[in-house]
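Source: prediction; values computed, not measured. For ligands, and for the atoms within them, numbers begin at 1 and follow the listed sequence. These values consider heavy atoms only, across backbone and side chains, with no hydrogens, waters or symmetry-generated copies.
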Amino acid sequence: MPNLTRRTLLAGSAVAAAAPLTAAVGAAPPAGKETPGIYRYRIGAFELTALYDGIWYRPITDKFIRNAPFADVESALADAFMPTDKLATPFTTLIVNTGRRLVLIDTGTGGQIAPSAGVLRANLVAAGIDPKAIDLIVISHFHPDHINGIKDKDNDLVFPNAEIMVSAAEWMFWMDDANLNAAPADLKLTFRNQRRVFTDIAKHVARFEPGAEVAPGIVTVPAPGHTPGHTVFAIHSGDQSLMVLGDTAQHPAVFARHPDWQAAFDIDGDAAVATRKKLFDRAAADRMLVTGYHFPFPACGHLVKTATGYEHVPVEWQPNL
Ligand SMILES: [Zn+2]
């Protein structure tokens with residue numbers, strides 16, 4: 001292989017520029033905006049649409065991981081080419097068309113978390129999906145980045161015809177005023193946000209128990225730790241399946257590679273780690289396709305067990321369904 005230096009690369013491009021294959025037509029104006037974030041795939045007879053809602057660079061401090069030195073956390077972030085003072089937190093929601101129901105799993109930030117997130121609705125339009133056509137919303141847990149998309153900033157329902165289903169354990173924990181009163185100040189904001197989203201629609205919100213089939217082919221699997229009622233969804237159609245991991249792990253470059261790390265936002269760190277390892281071991285052993293809400297878009301791929309943790313292997317983009 002020739003020695004590629006900046007000089008030889010530049011020399012090469014100079015040659016290419018000097019001998020164009022066709023006559024030059026002039027510069028194209030830059031588009032100046034991103035393309036829609038939509039990725040479609042199939043699980044058996046089900047058609048799935050991953051819709052990007054954007055990304056939040058969440059500021060972090062040495063309190064971010066409870067059980068690792070911050071220098072190790074900074075190294076992990078640097079190894080993944082990420083900023084070391086922020087956690088890259090992308091958001092990807094999933095729509096499952098079972099043929100009978102159009103199911104939205106988690107609802108994005110509703111444009112209420114960071115200016116760099118909130119493009120879900122634009123991506124819905126680009127994907128040709130009318131919000132009125134969504135007939136079921138299922139929620140993995142009650143953190144704002146998963147429930148805020150239920151309503152817009154004016155408190156109107158974004159998906160007016162959708163039945164909403166949530167974990168009974170999640171509802172019981174967060175909607176309990178004694179838990180709100182006992183919570184530290186920053187967590188109280190989370191409790192208050194849940195009341196903003198759910199209180200006036202409470203009678204329309206159905207609650208599922210662990211193991212419930214929320215729609216044919218979509219089964220809930222309890223995954224406590226991140227929050228008490230945190231739930232993942234196993235989707236089966238034909239001989240194919242997908243595990244929708246929610247926040248079992250946030251960015252895989254951090255939490256798949258370091259599955260023992262307990263983040264400050266995990267309500268029960270020990271349980272979060274145990275749940276993560278159990279589900280990741282199963283997904284790796286069964287070579288199961290998985291998607292994670294905070295995995296890089298399109299957020300689906302496989303998990304490989306390594307000597308120290310897991311590695312996420314993203315799917316290849318398929319131009320045909
Ligand atoms: Zn989340």
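The existence of a salt bridge linking Arg195 and Asp177 is confirmed by a sub-4.0 Å separation between a basic side-chain nitrogen and an acidic carboxylate oxygen. Residues Asp260 and Lys277 are paired through a salt bridge, judged by an N-O separation under 4.0 Å between the basic side chain and the carboxylate. Of the charged side-chain nitrogens involved, at least one lies within less than 4.0 Å of a carboxylate oxygen, so that Lys305 and Asp281 count as a salt-bridged pair.
Atom OD2 is the N/O/S atom of Asp145 found closest to the Zn ion (ligand 1). Taking the N/O/S atoms of Asp247 in turn, the shortest distance to the Zn ion (ligand 1) belongs to OD2. Atom NE2 is the N/O/S atom of His146 found closest to the Zn ion (ligand 1).
No donor-acceptor contact under 3.5 angstrom links the side chains of Arg276 and Thr248, judged on distance only. For the residue pair Asp145/His294, the side-chain donor-acceptor check at 3.5 Å is satisfied.
With 2.8 Å as the limit, His294 counts as an N, O or S neighbour of the Zn ion (ligand 1). Among the atoms of His141, none of the N, O or S atoms falls under 2.8 Å from the Zn ion (ligand 1).
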